[in-house]
Number of protein chains: 2
Amino acid sequence: MESNQAQAAPRSGQADFLSRLSAADADDLVRASQRKLFAKNEFIFKAGDAGRHVYFLQRGRVKIYQPAPEGKDVILWFCFPGDMFGMAEVARGGGRVVHAQACEAIEVLVLSQTELTEYLQTHPAAALLIMQVLSDRLRALGDVVVNLINDDAQTRIIKLILRLATRYGVRVDQDIHLSIQLTHQEIADMVGATRQTVTSVLSLLQRQGLVRLENRRIRIDSLELLDGMTSSG
Amino acid sequence: MESNQAQAAPRSGQADFLSRLSAADADDLVRASQRKLFAKNEFIFKAGDAGRHVYFLQRGRVKIYQPAPEGKDVILWFCFPGDMFGMAEVARGGGRVVHAQACEAIEVLVLSQTELTEYLQTHPAAALLIMQVLSDRLRALGDVVVNLINDDAQTRIIKLILRLATRYGVRVDQDIHLSIQLTHQEIADMVGATRQTVTSVLSLLQRQGLVRLENRRIRIDSLELLDGMTSSG
DNA sequence: CCCTGTCTGTCGGCCAGCCGACATTCGGCA
DNA sequence: TGCCGAATGTCGGCTGGCCGACAGACAGGG
C-alpha cells in the first residue's frame, strides 16, 4: 500500500455521521431535534446520569472519557463536528458510563430516546448509518485493546499519533498538522501511560526529527519514518 | 446433571440477540437465512476475509479474537447460542479484522449483507436490537480498556471472572459454576497477561478458597470475597 | 502587565510482571 | 491401557515504566 494519502483520510474511526446522511434525512433530523449550546469545559452529561438523549455535534469538540474511581481516567475518543455521541446508553438502556465534556464552546442537536426511535422508523438509512458508526467505534476500541496488550509505551504513543493523523490530520507543505490540541496528560490518558512517560517519549521523537510540538499541537514531519518506529526502536 | 440452571443473569455483555427478538421476527430470520454447520476448531471467518455475512449462533460456542502479527492474540469475547457475530464488518464495510473460531461443533444461521439489509428494512425492531447489541459490546470493550489501564494482573483476572460469572455463571448449591472451559493461555489472552502470571494468580486464589478449578472449569466459592479482592492485595 | 495555575521537562528508586527454562500432570485417542 | 501432546506449576533474573518530587516555562485572566 502507498503511504501517500492525499489529505485527511476519509476512512476510519467514528466517521462523521451527519455528512454521510442524505441531505433530506439530515434536514429532517434538524427539524426533529432541538439545538443546544454548552460552554467550554461544561459537561454535556456525566457518568451516572440517566442518559435518555442522543447528541449530534455541530460545532466544537467533545471529549468522551470514562472515569475510574480510584484510578486514572481513560479518554475513549474525541468527537468532532458531524459526530454523534451518547448513542450507546440510549440504545441499551441504563445510565451513562462515560463523561462527555465540551473542550470548547459547542453547539449540538439533541434528540430524546422517543424522538430518536420515531426518527429511525421513518428513516431506515439513518439506522444503518448508526450501525456503521457503532461498528467503527467497536473496531477502533478493539485496536486500542490489542495495542495496550502488545505494545510498549513508545509504540502506543506513536500509533496513537498515526491514528489521529488519519482522522484529524491536515497536510501543510511537507508536514501533517493535527487539528487537535492535546496536553501530555490527555495523551497519557488515551494510551494508558503516565504523563512523565509521554513527555519523555515525545521529546525523544522530537529530537529524532520525526515530529514537532508547537503549542500543544503535534506536527508530523515524516509519516513513513514514524510508522517505521513502531516496536523497533 | 444439574437441574438448577434456571437463572443465569439476564443482563450485561453482548446480550443474547435471538431470544430478545419477537417470535415472529425470529421466525422470519430463520426463513430468510441459511443454516450452516462448522466443526470444532474450524474458522467461520478469519481476519482479512471479505466479510459479507452475518452469523447467528444456534448451538455451540465461538471465540472472537484479534490476531496480532508479531504479538499475542487478544480474545475479545465469546459468543454463545443466541448471539450474533460478524455484524461490525458487514455494517461498516471492509474486510474482517478478527478471527471467529468454533470452540466446538456449532450450528449457525447465515445472512448475506443484502439479505440482512432487506430483513432490517422490514423488521425495524431488529435494527434497534442490533444497535443494542453493538452498544453492549462497546461498553464491554470500554470496560476492558479501563481495566487494562488501571488494574494490576490479579485484579484484571478477578474482574474477568466476575464478568464471566454474571453472564455465563450457573448457581449450583453455594457455588457458581462457569459454563465455560478456559485454558490459562486463553485467560491470559483476555486480560493481557502471560500464561505464567495467570497460573500463579489462579492458584493463589484457589489456596485462599475463593475459587476452585476443576478440569478447566472455574467454580466460584464466594462472589463477595472475590469482589473484595480487587486491587486490595 | 503581573501573577497564578497549569503544563512541561528531568531525575532516581523501586517493583510487577515478562521472559526463558524446566518438571510435572492431565486427558483424549489408538 | 498406554502414549503423546497439551496444559499446568514453579523458579530466578531482568527491566520498562510507575511513582514521587521538584524546577522551569507558559499562558491567559484580572
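FYI, side chains are in, hydrogens and waters are out, and symmetry mates aren't considered; it's all heavy atoms of this structure. To find a chain, count down the sequence lines: A is the first, B the second, and so on, and within it residues start at 1. Here the structure is a predicted model, which means the values were calculated and not measured.
- Taking 4.0 angstrom as the limit, A/H184 places none of its side-chain polar atoms (N or O) nearer than this to OP1 or OP2 of C/dT6.
- Remark: the backbone N or O of B/G86 is paired with a side-chain donor or acceptor of B/R96 at under 3.5 angstrom.
- Below the 3.5 angstrom threshold, one finds no donor paired with an acceptor across the side chain of A/Q154 and the base of D/dG17.
- The backbone N or O of B/R219 sits nowhere less than 3.5 Å from a side-chain atom of B/H177 that would complete a donor-acceptor pair.
- Looking only at side-chain heavy atoms (C-beta outward), A/I44 and A/F85 come within less than 4.5 Å of each other.
- Rounded to whole Å, atom P of C/dT8 lies 10 Å from atom CD of A/Q181.
- Across all strands, A/T197 comes closer than 4.0 Å only to sugar-phosphate atoms, never to a base (heavy-atom distances).
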request  = Tell me, with the steps shown, if B/R59 and B/L37 meet side-chain contact (heavy atoms from CB on, under 4.5 Å).
outcome  = CA-CA 9 Å; B/R59 188 167 47 83; B/L37 301 175; 4.1 Å; yes

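- The listed nucleotides are C/dG20, C/dT8, C/dG17; the one nearest the side chain of A/T183 is C/dT8.
- Ring orientation note: the planes of B/F43 and B/Y65 are tilted relative to one another, at an angle of 30° to 60°.
- For A/D151 and D/dG16, the CG to C1' distance is 14 Å, given to the nearest whole Å.
- DNA chain D is contacted by both B/L182 and A/T194; B/L182 maps to the nucleotide lying nearer its 5′ end (nearest heavy atom per residue).
- The interatomic distance linking B/D152 (CG) with C/dC18 (P) rounds to 11 Å, in whole Å.
- Residue B/N215 places no side-chain N or O under 4.0 Å from the OP1 or OP2 atom of C/dC26.
- With B/I220 as reference, B/I161 is the one residue of B/L210, B/D175, B/L164, B/I161 to meet the side chain to side chain contact (heavy atoms under 4.5 Å, CB included) rule.
- Between A/A153 and A/R195, the residue anchored closer to the 5' end of DNA chain D is A/A153, taking for each the nucleotide with the nearest heavy atom.
- Axis deviation across the helix from C/dC1-D/dG30 to C/dA30-D/dT1 amounts to 50°, comparing end segments of five pairs, rounded to 10 degrees.
- No hydrogens or angles were tested; on distance alone, nothing pairs the side chain of B/R216 with the base of C/dG27 as donor and acceptor under 3.5 Å.
- By the 4.0 Å N-to-carboxylate-O rule, A/R212 lies close enough to A/D221 to be salt-bridged with it.
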